[in-house]
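Please read the structure below before turning to the comments.
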Amino acid sequence: MQERYEPAAVERAAQDYWNTHASFVAREDSGRQKFYCLSMFPYPSGRLHMGHVRNYAIGDALARYMRMQGLNVLQPMGWDAFGLPAENAAIANGVPPARWTRENIAYMKNQLQALGFGLDWSRELATCDPDYYCWNQWLFVRMRERGIAYKKTGVVNWDPVDKTVLANEQVIDGHGWRTGALIEKREIPMYYLRITAYAAELLDALQGLTEWPERVRTMQANWIGRSEGCDVTFPYAQDTLAVLGGAAHDANRGMKVFTTRVDTLFGVTFMAISAEHPLATAASAGNPALAAFVEECRRGSTMEADVATVEKRGQNTGLHVRHPLTGEPVEIWVANYVLMSYGEGAVMGVPAHDDRDFEFARRHQIPMRVVVQPAGVEVGLGDEWAPALSATGVSVNSGEFSGLASAAATAAIAAALEQRGLGAKRVQWRLRDWGISRQRYWGCPIPLIHCERCGEVPVPDADLPVRLPEDLLPDGSGNPLAKCEAFVRCTCPSCGQGARRETDTMDTFVDSSWYFLRFASSDQAGAPVDARAQYWLPVDQYIGGIEHAILHLLYSRFWTRVMRDMGLVELAEPFSKLLTQGMVLNQIYFRQPSGGRRVYFNPAEVLVQHDAAGKRIGASLQSDGQSVEYAGLGTMSKSKNNGVDPQTLVEKYGADTARLFMLFAAPPEQTLEWSDEGAQGQYRFLRRLWKAVYDHSVAGPLSQRAHWGPLQGAAARMRLLTHQTLKRVGDDIARRRVFNTAIAAVMELLNAVARYEEPGELGRAVRHEALETAVMCLSPMVPHVCHVLWFCLGHERALIDEAWPQPDPLALIQETVELVVQVNGKLRARVRVAAGADEASARSAALEDSTVRRFVGETAPRRVIYVPGKLVNIVV
RNA sequence: GCGAAAGUGGCGGAACUGGUAGACGCGCUGGCCUUAGGAGCCAGUGGGGCAACCCGUGAGAGUUCGAGUCUCUUCUUUCGCACCA
């Protein structure tokens, strides 16, 4: 063993060993309990970033720990390889997305391997490979057959200059990112997946996901958004019928809305419809002011956050509906806050009992009518009314329903509506069907053919996959597939005549909605999954960013159920246990020349000045010594120039230090702040560990393995700490899934070993056990250095193949324990008592203490609280 | 706007089930060693006070023998909002 810790050599040796022994190639074995550990696969953006390192360090630590517990572990890796950045890179550099993506994959695979993650590369997949997306297409055709996939129109962001559909990300403040043109909303036909058919099941099953973070379950439940309410039809008045003409689809019925507060029906003073509502278009015909407003609403982005924060504006159509119970005319307004994509594209306006309607009515001087009197609130319609808006109470001004409590009024009014055929109780979901059509090149082609005679025809299974041509170059103006005649021209599978291929591709969320199933049988050429999925699934531990808490996880839960209903898999829930990892942040530094734009400097180039107490007092740029401004913490990004390349870190300190820092600096679920000094500190720790093992092992092998009898003094304390550490680390990893405290525990153990100076063979044996335990406990987190140190400690077998040891109960026995003594809840003393001391002896021990006596005084305690083994609280 | 979370020393964090606030690490201070290094070792480090002690977990209230932890109000920050992945 050499004295110096040299990470490069250590890591090469360990990785060579794992590779030659195929340590991480997983095989199905029905006789062994499996553990499927999955970290979300990366988008191949070019280089690994710190978020990846963190994600995979967590997953690998868990996988290695479970492997040492004797489980049959599968930890695969793949590439979420379709997506917009490849097209952006193509526009910027003129490189076809396929080449760019594949080069990135090759580079990043090298980086992952250098970090020494225990991955089964034999199952590697990339979603841009026809072997994979073939099954997206096959599954899509099956879903279309079953009515899960269907076609309807949807709203997209349209850039009128580039004449192209933009992603939300490409819309900046309502303008196109490249052209700067004002974005318009445009309706186009698209394919949707009927996720709403599974809404109830997806919601109910959340209760069974007890190993998911509570907040993720809450967010999903709110997203699915079950609400009980009532459909209400407001019959059209004569003026509206005249505008709609006889052709309108529901002209003879009326305007349908959904409400959760039908008890406020008598408070309706207006109706609000979306600018995209058919009636809005019809009413615009002879009304220039309205037409201008509808036109204005068509501009701007489709994002809900934008729509919801926009100033609530509206325009009266001058048309009316009739109140379903009173027959009174009600004005119809077009309002910019009503979404066509949610519900019916129309809402009833009850200003006195809804926040948004209240604001809208005030702005447009629409009358308000109070119809619910909450208990103990003055009726008034000024600002003071705001807290009462959504309250329930007793119905007033509601005809025959006045005097009923809100719940009773809801039931009675719904019944009255139903009797007239103008309404019915219904459950409404916030969840909308999933639009999967994208007018983009770098994605999975939707396998459809448009034939003039036969209409829309799916591509027959035998002709799948529809291969995406890989040599096209997007230029920012529309989908290059649409201009590729070689792709578009085809023959109709049904009539044999010339036809045109669909050029829309699928949302990349489709790709990631079932990749975890494919890993179980990635070499299966005849089906998307096979019987091996039954062995490996569900994923026992899924790890990924909190930003995926809703969409990706919900789509995957939906997709798995669809495959279940097709008989392809038996499970419904793909992920048993979920860990949502926090983001990686770094400091942001900049200078702002007067009148100029901010120039950002990478924190690595910045020198921070401290005062004598260690407080940060300023920062300057290393190169010129002039000061720079500190702008706080932010996620690592190019625009803020605060990224840290993991490659540099690995080259400087090695993979083990990179992993150790990521696991030590924060618990997995919290955000993590990058710190160069922190990483150095972890490197220092690994060096100390190395030195400790070196100093111990140069003295030669142990003369004999110890037979542990009862020990005394320092040796007993050392063994106690050793086995306490083993217990703590196991609990931290297996139960709590936290690594920072596990690592801290080993640091404490190593600090104690350094202070433990007992000479002789007994001392050496105790020290040996402590060091062995430290190496064992750290090995899931820093596997390379531990692999080598394990051999240095005299073992023949590789550490990865060792079984995780049990703590020795004998070493954990303590004869006395320290009790905290409080007087009136304030800490006053500590006393040692026998381990199993009863209340009487604990109490008398506490009262013997001089400080305690001083605070208790001469009077008898009013009450004494005793928590065995922990504390005595004397109340006086 | 709606939904979800988080606020603890100079900094990252620990305190898991209501029971010792600040483990572990970084930074900083002093010292030692030295073929001088961004190395290693030792000691100190929440604030106040000579001390006994007192004060301290974003702010404000409450429950309790006891609150960082539970309840309510409030402020700030972060994440998601359906075409970024």
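Chain letters run A, B, ... following the sequence lines, proteins first, then strands; residues in each count from 1.
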Report summary line: By nearest-heavy-atom nucleotide on RNA chain B, the more 5' of A/Arg863 and A/Ala81 is A/Arg863
Query - Sugar-phosphate only, base, or nothing, as touched by A/Arg4 at under 4.0 Å among non-hydrogen atoms - result: nothing
Report task. Name the closest nucleotide to the A/Arg432 side chain, picking from B/rA82, B/rC24, B/rG25. Result -> B/rA82
Report task. Using a cut-off of strictly less than 4.0 Å, decide whether A/Asn740 has a side-chain nitrogen or oxygen near OP1 or OP2 of B/rG25. Result -> no
Report summary line: Side-chain contact check for A/Ile865: nearest option of B/rC65, B/rC24, B/rC81 is B/rC65
Query raised in the report: Whole Å only: how far is the CG atom of A/Asp732 from the C1' atom of B/rG13?
Result: 14 Å
Report task. Starting at atom NZ of A/Lys870, determine the distance to atom C1' of B/rU17, rounded to an integer number of angstrom. Result -> 8 Å
**Report entry** Phosphate OP1/OP2 of B/rC54: any A/Arg828 side-chain N/O under 4.0 Å
**Finding:** yes
Requested in this report: Could you check which nucleotide pairs with B/rU20 in any of the strands shown, counting Watson-Crick or G-U wobble with both distances under 3.5 Å?
Outcome: none
Query - Stepwise salt bridge (Lys or Arg N to Asp or Glu O under 4.0 Å) check, A/Arg217 with A/Glu214 - result: CA-CA 5 Å; A/Arg217 291 194 284 160; A/Glu214 189 62 45; 2.9 Å; yes
Query raised in the report: Checking all strands, does A/Gln170 fall into the base, sugar-phosphate, or nothing category for heavy-atom contacts under 4.0 angstrom?
Result: nothing
**Report entry** Closest to the A/Met747 side chain, choosing from B/rU20, B/rC24, B/rG12
**Finding:** B/rC24
Report summary line: Of B/rC79, B/rA85, B/rC26, the nucleotide closest to the side chain of A/Met583 is B/rC79
Query raised in the report: Is it true that A/Tyr132 and A/Trp514 have ring centroids separated by less than 6.0 Å?
Result: yes
Requested in this report: From the options B/rA5, B/rG27, B/rA15, select the nucleotide whose nearest atom is closest to the side chain of A/Thr741.
Outcome: B/rA15
Query raised in the report: Is any side-chain nitrogen or oxygen of A/Ser675 closer than 4.0 Å to OP1 or OP2 of B/rC26?
Result: no
Query raised in the report: Under 4.0 angstrom, heavy atoms only, what part of the nucleic acid is A/Lys691 near: base, sugar-phosphate, or nothing?
Result: nothing
Query raised in the report: So among A/Lys163, A/Glu187, A/Gln439, which one has a side chain to side chain contact (heavy atoms under 4.5 Å, CB included) with A/Trp158?
Result: A/Lys163
**Report entry** For B/rU63, the Watson-Crick or wobble partner whose two distances fall under 3.5 Å
**Finding:** none
Query raised in the report: Looking across every strand, which nucleic acid part, if any, lies under 4.0 Å from A/Arg737 by heavy atom: base, sugar-phosphate, or nothing?
Result: nothing
